[in-house]
Amino acid sequence: MGSLSFGSSQSSIGLDIGTRYARAAQVKQTGSGPVVTGYGRVDVPLGAVADGEIVDAAAVASALKDLWRHSNVRGKDVSVGVSNQRVIVRLIDLPFMERGELQSAIQYQAQDYIPMAVEESILDFQIIGDYMTPSDEHMMEVLLVAAHREMIGNTVAAVEGAGLRLTSIDVSSFAIVRALMGDLPEVLPGAESEATAVIHVSSGLTNIAVVERGVPRFNRISSLAGSTFTQSVANVLNITFDEAEDLKVRIGLPDIDGTAADEFPGIEPDRVQLVHQSIEREASKFIAEVRRSLDYYLTQTSQVRSIRRILLTGSGSQLRNLASYLEKGLQAQQVTLGDPLARTQASSGALAAVEADRFGCVTAVGLALGGLQ
Ligand SMILES: Nc1ncnc2c1ncn2[C@@H]1O[C@H](COP(=O)(O)OP(=O)(O)OP(=O)(O)O)[C@@H](O)[C@H]1O
Ligand SMILES: [Mg+2]
């Protein structure tokens, strides 16, 4: 009898198309939780994706074909993530109504909340909960997602051009939160006045989300990200982007307490200092940007008074000493690296590939997890 609940073949693929890389993760549901069984990453041609949007669908399609050829991801149905200025997420309060009624009402209500024409957008929503106001009005809280139709069209074209089928589109930051924190609201005693910020740094974009009791209640995208640090090094040393990338990864930020400046064999100390200074300058701007976002969130909410915990993730989060700079700059109690392998296992056939891209795989894994439900 027990065997009936084992070996479920339910499987799902998450596809994360970025500026530098496209990544696919395949996740299978097993008796002991979801397991990553396939994983791969390929380069995306320069310029094919910009500011989180696909500009050259044909070039992306051919990268995706490569990805399928060179990875152990098997299957054609994919959940794709989107993250750019033309995907809007808003938490809104409306008078309580039944789901069916909301479905049509949202078409009329949405325009008040989104800075794009509703006619040009695809809308989706999720009911978060309902409550009574002090004056006894029955209200509901709804998470509204609006995505620009044309932008989604390019995503569909790239995916179909690679011979794949797009089964769902998800907001990347929801996928990131899912991979790191799970889907179930974490109702912890005393947790009402605290929230977790999730900061995902990739090459062209940083995703900032605030999660309260399992619900992502705030979401913002910034263009200060990994490439910003690289470009500043390239500018200050007058070298190519690729050369700067290498120096950035090797040198990173100085130790925060200023002690024991690491030795970097083969790099002149003057050069190390210039790299440190240029990245430090950009890091201050980055931290100010994160602080502004979190402060804005705190002014919008009546319940949460502090953000104590910060999960830092994405490939760009590996910048040496970035976590301690954030901890100091935000006066947060705890900045932890958000590791998707903390919640989801990987099979022996996928483990090496996942581990090699441990912080970069978060979005793809979260998208795949979303497809399991
Ligand atoms: N060890 C490291 N130290 C510093 N930065 C790193 C390190 N490893 C990777 N990065 C940075 O992470 C960034 C790449 O992030 P990622 O792989 O998530 O990009 P992407 O998904 O293609 O981009 P996007 O999602 O923004 O379009 C690059 O800026 C790279 O320099
Ligand atoms: Mg990315």
Side-chain angles (χ1 to χ4, degrees), residues 14-25 39-56 59-60 63-64 67 80-87 151 154-155 158 170-176 179 198-209 220-234 240-254 262 264 275-276 278-280 282-283 286 312-326 337-338 340 353-367:
L15 178 59
D16 169 28
I17 303 167
T19 317
R20 301 199 47 178
Y21 302 112
R23 300 169 160 104
Y39 187 72
R41 182 183 92 172
V42 290
D43 287 346
V44 167
L46 201 67
V49 176
D51 300 324
E53 291 193 33
I54 295 174
V55 248
D56 185 345
V60 170
L64 296 180
L67 179 53
V80 178
V82 286
S83 174
N84 54 62
Q85 303 296 349
R86 294 203 284 175
V87 189
M151 180 270 296
N154 287 344
T155 306
D170 203 350
V171 179
S172 300
S173 70
F174 295 173
I176 293 162
V198 178
I199 302 171
H200 182 279
V201 188
S202 51
S203 66
L205 297 173
T206 293
N207 257 293
I208 302 165
R220 182 168 286 179
I221 294 167
S222 164
S223 58
L224 296 184
S227 292
T228 316
F229 299 121
T230 307
Q231 194 58 54
S232 77
V233 172
T240 67
F241 189 86
D242 288 346
E243 289 166 338
E245 178 75 19
D246 174 61
L247 283 180
K248 176 190 82 169
V249 169
R250 281 161 70 195
I251 298 173
L253 284 159
D262 286 329
F264 298 96
V275 171
H276 275 160
S278 64
I279 300 181
E280 230 173 343
E282 298 307 320
F286 174 82
L312 179 63
T313 192
S315 277
S317 69
Q318 295 169 91
L319 183 72
R320 191 194 286 253
N321 290 324
L322 181 63
S324 40
Y325 270 70
L326 262 181
L337 284 186
V354 172
E355 276 186 332
D357 193 22
R358 196 164 187 137
F359 297 98
C361 72
V362 179
T363 313
V365 169
L367 289 166

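Just so you know, ligand 1 is whichever comes first in the structure, and atom 1 is the first atom listed for that ligand. Along the sequence shown, residues carry numbers from 1.
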With the criterion set at N/O pairs under 3.5 Å, what does the list of contacts between the protein and ligand 1 look like, atom names and distances included?
unit_1	atom_1	unit_2	atom_2	d
ligand 1	12 (O)	Gly316	N	3.2
ligand 1	15 (O)	Ser203	N	3.3
ligand 1	17 (O)	Arg23	NH1	3.2
ligand 1	17 (O)	Arg23	NH2	2.6
ligand 1	17 (O)	Ser315	OG	3.4
ligand 1	19 (O)	Ser203	N	3.3
ligand 1	19 (O)	Ser203	OG	3.4
ligand 1	21 (O)	Arg23	NH1	3.1
ligand 1	22 (O)	Thr19	N	3.4
ligand 1	22 (O)	Arg20	N	2.8
ligand 1	22 (O)	Tyr21	N	2.9
ligand 1	23 (O)	Ser203	N	3.3
ligand 1	23 (O)	Ser203	OG	2.8
ligand 1	25 (O)	Ser202	OG	3.0
ligand 1	26 (O)	Ser202	OG	2.6
ligand 1	26 (O)	Ser203	N	3.2
ligand 1	26 (O)	Gly204	N	2.7
ligand 1	26 (O)	Leu205	N	3.1
ligand 1	27 (O)	Thr19	N	2.5
ligand 1	27 (O)	Thr19	OG1	2.4
ligand 1	29 (O)	Lys248	NZ	3.3
ligand 1	31 (O)	Glu245	OE1	3.3
ligand 1	31 (O)	Glu245	OE2	2.3
ligand 1	31 (O)	Lys248	NZ	2.5

Without swapping roles, check the side chain of Thr230 against the backbone of Phe241 for a donor-acceptor pair under 3.5 Å.
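Absent.
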
If you define the side chain from C-beta out and look only at heavy atoms, does anything of Leu253 sit under 4.5 Å from Ile279?
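Side chain of Leu253 against side chain of Ile279, heavy atoms only: contact under 4.5 Å found.
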
Is there a side-chain contact between Asn154 and Val60 (heavy atoms, below 4.5 Å)?
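Of all side-chain heavy-atom pairs linking Val60 with Asn154, none is under 4.5 Å.
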
Assess the residue pair Ser83 and Ile221 against the criterion (side chain to side chain contact (heavy atoms under 4.5 Å, CB included)); give the C-alpha distance rounded to whole Å, side-chain angles, the decisive distance to 0.1 Å, and a yes or no.
CA-CA 8 Å; Ser83 174; Ile221 294 167; 3.6 Å; yes

Derivation of the side chain to side chain contact (heavy atoms under 4.5 Å, CB included) call for Leu15 and Leu367
CA-CA 7 Å; Leu15 178 59; Leu367 289 166; 5.6 Å; no

Look at Glu245 together with Arg20 and state whether they make a salt bridge at an N to O cut-off of under 4.0 Å.
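Salt bridge present between Glu245 and Arg20.
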
